[in-house]
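What follows is a set of notes on a single structure, which appears directly below.
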Amino acid sequence: MEPEALFKLRFLSGLTEGPEGLPLFVLTDILEGDPPRYRSRLALFDGALRLLTQEEAKRPRYADPYVYFLRRVGEGDELFRLDLRGGEAERLTETPGVLDYAVGPSGEVAFLALKEAPRPGSPRRFEGWPFKFDGRGLLPEGNVALYLLKDGEKRLLLDRYPPPKEMAFAPEGLYLVMPEDAKAQAAWRDTLFLLGEGGLKRVYGGHGPLFGLEWSPEGLFFLGHAFERGGGTEARLYHLKGGEARVLFTGSLQNSINSDLRFGAHFQGPRWGGDGVYVVRTEEGVARLYRVGLDGEAEALPASGSVLSFARTSRGLFLLTEGFTHPARLEGPLGTYDPNAGVLSLAEPVPTAWESPEGHRVPGWVLLPEGEGPHPVILYIHGGPHTAFGAAPMLELQLFRAHGYAVAFCNPRGSTGYGQEYALLEGAWGERDERDLLGFLDHVLARFPLDPGRVGVAGGSYGGYMVNWLTARHPERFKAAVTDRSICNWLSFFGSSDIGPRFTYLELFAKPWERPEVLWEKSPLRLVHRVKTPTLVVHSEADHRCPIDQGETWYTALFHLGVKVRFFRVPEEGHELSRSGRPDRRLARLRAYLDWWRENL
C-alpha cells in the first residue's frame with residue numbers, strides 16, 4: 001500500500017432525510033489533476049446510487065419538493081434549491097457569502113451571511129475575541145447578519161455582534177444560539193434566544209457552549225455543558241419545555257473517534273424521532289447511536305461499527321457506519337452502499353490493554369505487519385486530548401504497517417468514552433497521560449514481537465505536544481520521532497492560537513499574568529536541551545489552532561542544539577491538513593513520514 005491509495009477512496013457525509021423517505025447525502029471523490037481536488041455531489045440511495053448533481057454541493061436539506069444546499073460561488077458559499085420535479089438548481093441568494101441556513105415549515109429560509117465582501121489586503125479592526133479560527137482565517141467581526149428568505153423576498157431579521165451560531169425553526173419563532181456579548185463569546189458562554197413576534201427573548205444558558213438545536217412537538221432538544229470539570233467536561237442532552245431545561249442523558253456525546261478517512265459534515269444528533277430523541281455517544285472506542293426517551297431511559301441501537309451519522313425517515317433508520325478496516329458506508333432498510341468496496345484492504349488491529357498500578361485500565365491496539373518480527377514499532381498518540389482511538393479507519397497507521405512498522409496506539413487518561421473521571425487531566429498534562437502512554441508501550445513490548453531498540457513516537461496536535469514532551473523527558477527512549485502540528489510553548493500559544501486563552505485556562509487552569517510558572521513548567525521548550533531523538537517537524541503555515549510558530553520554535557531549537565531534525569512545512573493549509581487538506585499535500589505529508597521512518601527507524 002502506498003499513499004496514493006487515498007486517491008481511490010470516496011467519502012460519504014451530510015446524511016439526512018430525502019424524498020420518499022430515501023437517504024440523501026453527499027458523495028465526495030478526488031479528481032486527479034494539477035492540483036487534484038475534491039468533488040462533492042448530492043446523491044440518493046434507493047437500492048442503487050442516484051446522483052442529483054454533478055457540480056459541487058454540500059450541506060443538503062430536504063423540504064418537499066426541494067433539496068436545498070450550499071455551493072461555492074466566487075469566494076463564498078451561496079444557497080441553492082433543486083426542484084426534484086425537474087429543472088436545474090436555482091440560486092436563491094446573492095451575498096458575499098452564506099455561512100449557515102435553516103429551512104422553515106412553510107419553505108421559508110433563515111440564513112446567516114456576510115453583509116459585505118472583505119477586501120483583500122485591507123487592514124482589519126477587531127474589538128472582540130476570537131478574531132480568527134482555523135480553516136476560516138480572520139473572522140468577519142461585525143460583518144454577519146441574519147436574514148429571512150420567503151416568497152422570493154429577503155428580509156433582515158437580526159444584525160448584532162456576536163452573531164448567531166445555530167438556529168432552529170419552531171411554531172413560536174426562531175431559536176438562536178449566540179453569546180450575549182463579546183465577553184461571553186470570549187469565555188465560550190452561549191445563550192439560547194427565541195426570536196419571535198415580540199422580538200428577541202433570552203431563554204436559557206450563559207454558562208458554557210450550546211449546540212445541536214432540534215425542535216420537536218415535545219419541545220426543544222440541545223447539547224451543552226458549563227465546563228464544570230474543565231476542558232474534559234462531558235456533554236449533556238437537554239430537553240426544554242415550558243421554560244424548564246432538564247437533563248435527559250450525559251456522556252461523551254457525539255463521535256469523538258479519530259480518523260483521517262472522513263470528508264464533509266456529519267450530523268450526530270440530537271434528532272427527534274417520534275419515539276424518542278436520537279444522539280450518538282462515544283463509549284470505549286465505539287460511537288453508538290442511542291434512543292433516549294423523555295423519561296431519560298436510553299437504549300443503544302445495534303450497528304455494525306461506529307456510527308458517524310444517521311437519519312430517521314419514513315422508511316426506517318439509515319446509518320453511516322465506519323470501522324477499523326473501512327471508511328463510512330451507508331446501511332439501512334434498503335441495503336448497504338459501500339463506495340469503497342474492494343478498493344482498499346485494511347488490517348484489523350489486535351486489541352490489548354495495560355492494567356495500571358494506579359487501578360485503571362488503559363485500552364489500546366497493535367497493528368502488526370507481515371512476518372514474524374521482531375518489528376520496529378511506532379507509539380502513535382491521538383489529538384485532543386479529549387478524543388479517542390477506536391472503531392474508525394486511520395490510513396496513516398495502516399500505511400506504516402504496510403511498510404513494515406508495527407503501530408501501538410491507545411487511549412490514555414484524558415481520552416473520551418470511558419467516563420467523566422477518565423476524561424479529566426485537571427492540569428496534569430505530561431503526568432497522568434505520560435504514565436499511561438509509557439506503561440502501555442512497555443506492555444506491548446513485552447507481549448508482542450516488537451524490537452525494543454527500534455521504537456518511534458508520533459502524534460499530532462495534543463499528540464504532537466506529547467511527542468515533544470516525551471522525547472525531552474526521556475531522551476534515550478525513542479529512536480525516531482515525528483511531531484505534527486504540535487505545541488511546545490504554552491506562553492506563546494495563549495495569544496497566537498484561535499482557542500488559546502480559553503483552552504489554556506480550561507486545560508492547565510493558568511493564565512500568563514497569574515501563574516506563568518505553570519505554563520512554562522508544562523512547556524516542552526523548557527526541556528528541549530535534553531532531546532536527542534532524530535525528529536521530523538510537520539506543520540502547516542495557515543494552522544490557527546496550533547500556530548506554526550510552535551513548529552518553527554521546536555525545529556529551530558533542535559537545529560541549534562545539534563539534534564538531527566527536518567522541517568516539513570506546508571503552505572496554505574491549516575490544522576486539518578491530514579484529514580481534509582488538498583489531496584496532493586496530504587500525500588506529500590504521508591511520504592515525508594515514511595521517508596523519515598525509513599531513514600531513522
Side-chain angles (χ1 to χ4, degrees), residues 56-61 68-81 89-104 107-169 173-202 205 209-211 213 265 498-499 542 544 574:
E56 182 201 33
K58 57 186 177 181
R59 300 176 69 177
R61 299 288 182 272
Y68 296 82
F69 60 91
L70 296 181
R71 172 176 291 166
R72 193 161 190 84
V73 179
E75 297 300 315
D77 290 334
E78 296 291 356
L79 181 64
F80 285 75
R81 184 176 70 182
E90 171 191 9
R91 179 174 171 177
L92 298 180
T93 58
E94 297 276 351
T95 75
V98 173
L99 306 178
D100 194 12
Y101 77 99
V103 181
E108 66 273 43
V109 180
F111 65 93
L112 281 169
L114 300 178
K115 295 184 291 185
E116 297 178 1
R119 298 180 61 185
S122 296
R124 300 287 296 275
R125 182 180 66 187
F126 295 95
E127 296 181 358
W129 188 90
F131 53 84
K132 63 178 181 177
F133 203 77
D134 190 69
R136 294 177 59 187
L138 294 178
L139 296 177
E141 180 173 304
N143 188 33
V144 177
L146 177 66
Y147 300 92
L148 182 72
L149 186 65
K150 187 173 184 179
D151 299 326
E153 297 293 327
K154 184 177 81 170
R155 177 165 63 92
L156 178 67
L157 288 182
L158 191 66
D159 186 359
R160 74 185 292 271
Y161 178 81
K165 295 180 176 180
E166 285 195 28
M167 65 196 94
F169 278 98
L174 186 65
Y175 282 102
L176 303 169
V177 169
M178 54 189 172
E180 290 200 62
D181 51 33
K183 186 176 181 181
Q185 175 166 276
W188 209 346
R189 297 196 307 268
D190 293 333
T191 298
L192 179 66
F193 291 89
L194 177 63
L195 181 61
E197 292 184 0
L200 194 63
K201 175 186 175 183
R202 187 183 186 279
L210 301 176
F211 53 102
L213 295 184
D498 63 349
I499 60 171
H544 295 301

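Throughout, residue positions are numbered sequentially from 1 according to the sequence presented.
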*Between F69 and F80, what is the ring plane arrangement, given parallel below 30°, perpendicular above 60°, and tilted in between?*
parallel
*Which atom names give the shortest non-hydrogen contact between M167 and A102, and what distance separates them?*
CG-CB, 3.6 Å
*Quick one: does Y175's side chain get under 4.5 Å of E166's, heavy atoms only?*
no
*Specify the closest pair of heavy atoms between P162 and Q185, including all atoms of both residues, with the distance to one decimal.*
CB-OE1, 3.1 Å
*For the pair D181 (side chain) and K183 (backbone), establish whether a donor and an acceptor sit closer than 3.5 Å, ignoring hydrogens and angles.*
yes
*Mind listing the closest non-hydrogen atom pair of D190 and P179 along with its distance?*
OD1-CG, 3.8 Å
*Please confirm whether the backbone N or O of E56 pairs with a side-chain atom of R71, one donor and one acceptor, at under 3.5 Å?*
yes
*Side-chain heavy-atom pair F126, L138 within 4.5 angstrom cut-off*: yes
_If I take atom CG from residue L194 and atom CG from residue L200, how far apart are they, to the nearest 0.5 angstrom?_
8.0 Å
*Test K58 against D77 for side chain to side chain contact (heavy atoms under 4.5 Å, CB included), laying out the working first.*
CA-CA 10 Å; K58 57 186 177 181; D77 290 334; 3.0 Å; yes
_Under 3.5 Å donor-acceptor, E141 side chain and G128 backbone_ = yes
*Sub-4.5 Å side-chain heavy-atom contact between L139 and D498*: no
_Check: Y68 side chain, Y101 main-chain N or O, donor-acceptor pair, under 3.5 Å_ = no
_Could you tell me if the side chain of L158 sits less than 4.5 Å from the side chain of M178, heavy atoms only?_
yes
*Without swapping roles, check the side chain of R189 against the backbone of G205 for a donor-acceptor pair under 3.5 Å.*
no
*Pairwise distance OG1(T191) to CD(E180) - rounded to 0.5 angstrom*: 4.0 Å
Under 3.5 Å, which donor-acceptor pairs do the side chains of residues 142-150 form with other protein atoms, sequence neighbours left out?
residue : atom : partner : partner atom : Å
N143    : OD1  : K115    : N            : 3.4
N143    : OD1  : E116    : N            : 3.0
N143    : ND2  : E116    : O            : 2.8

*Could you walk me through whether L192 and L213 pass the side chain to side chain contact (heavy atoms under 4.5 Å, CB included) test, one step at a time?*
CA-CA 9 Å; L192 179 66; L213 295 184; 3.8 Å; yes
*So, do E108 and F169 sit near enough that their side-chain heavy atoms are less than 4.5 Å apart?*
yes
*Before accepting this row, confirm whether a basic side-chain N of the pair D100/K165 lies closer than 4.0 Å to the acidic partner's carboxylate O.*
no
*Which residues satisfy the side-chain contact (heavy atoms from CB on, under 4.5 Å) test with T93, sequence neighbours excluded?*
E78, L79, T95, V98, F111
